[in-house]
Amino acid sequence: MLLNEKQALNLDNIYSILSKKYNISNIRYCHPASFNSFAYEVNEDLIIRFPKYKQSMLKLSTECQILKFLKDKISLKIPETFINLQPYFYTTHKKIPGTPLTQEKLLQLPKNKQEKFYADIALFIFELNSYTNEISSQIDIPVWDRIENSLKPSEVENLILKDNNFSKIDYHVIKNMYKNFSPNNEKEKLKFSHFDIISRNLAFDDKKQELNGIYDFGNFSLGLVKYDFCQIRLDFNYNTISEISRYYNKLCNSKLDIDEIEGYALHLMLSLYLKFRSNHCLYKIKEFIDSIKARNMNFNPTRERE
């Protein structure tokens, strides 16, 4: 049985459901931007998620399978999730202690702690990638196709040209980015990964100044490694992505093209802006454009790898 939105937003109702199983001293609604679930923090140490849709129920079930498979296989802490079926379907996991890590907070860390963060994220992605064959043979993993299903570059260009929030220079930078833009690369192998390594999914220990763990495997997918990195770029800057990729390249003897990743990330942010028209997306796009201009527009998202 699923909650409807009215039931989900009534904390007294949620309390009555959960108090049958837990001794609750406090409860709060969290992650209001979540598309798939209604999430609550109980007693400051337990995260409980109710699916919003039937498809969300299946997704949460698969996420539990994945986390069970990954238990004790990953260097960083990940949630250990359990499913409750009656009277409502919901999942529970212990909260990993820590606060979100933003780009601003990262820049305030000592150099050695920044380097540890880059190395930890690179290793996390590498470890997930290494289980691609094994996990996909046991669990039905979807393909990450957000870029393929987003707006076409020509559609983005036409809409941005008519948008007064963008100058002629902004439009020129975006148009230049789309030259030879091609999101498909059949030569690259799909890898299993997280595909949502953003600030709010990171549990950062402010005292130790290092990551405790990573949350929310709801976007688990098979996809191109560069797409996983472009998702990180939505919350972190060009230099951070460059440093994480440097560590990743050492682990798997590869060479990720950072400017290519930058192009995909900008395309995703443009598509989000044109869909929701949010000030946050607009701010991030301006940041992308400034970053590109600062590098003298030496930027071609599909340039040949060295």
Proximity of F50 and F38 rings by center, below 6.0 Å: no
No-hydrogen, no-angle side-chain donor-acceptor test under 3.5 Å, N129 and T132: no
Aromatic ring proximity, centroids under 6.0 angstrom, H194 and F217: yes
H280 side chain to Y273 side chain, donor-acceptor N/O pair below 3.5 angstrom: no
is_close_aromatic(H93, Y215), centroid dist under 6.0 Å: yes
D206 and K105 ion-paired at < 4.0 Å: yes
Ring-ring centroid check Y29 Y40, cutoff 6.0 Å: yes
Sub-4.5 Å side-chain heavy-atom contact between Y238 and D259: yes
Exercise: do S242 and R246 side chains pair donor with acceptor under 3.5 Å: no
Pair F192 and Y131, ring centroids less than 6.0 Å apart: no
Minimum heavy-atom distance between C281 and L272, given as atom pair plus value: SG-CB, 3.8 Å
Side chains of K191 and D228 in contact at under 4.5 Å (non-hydrogen atoms): no
Ionic contact status for E41 with K95, cut-off 4.0 Å: yes
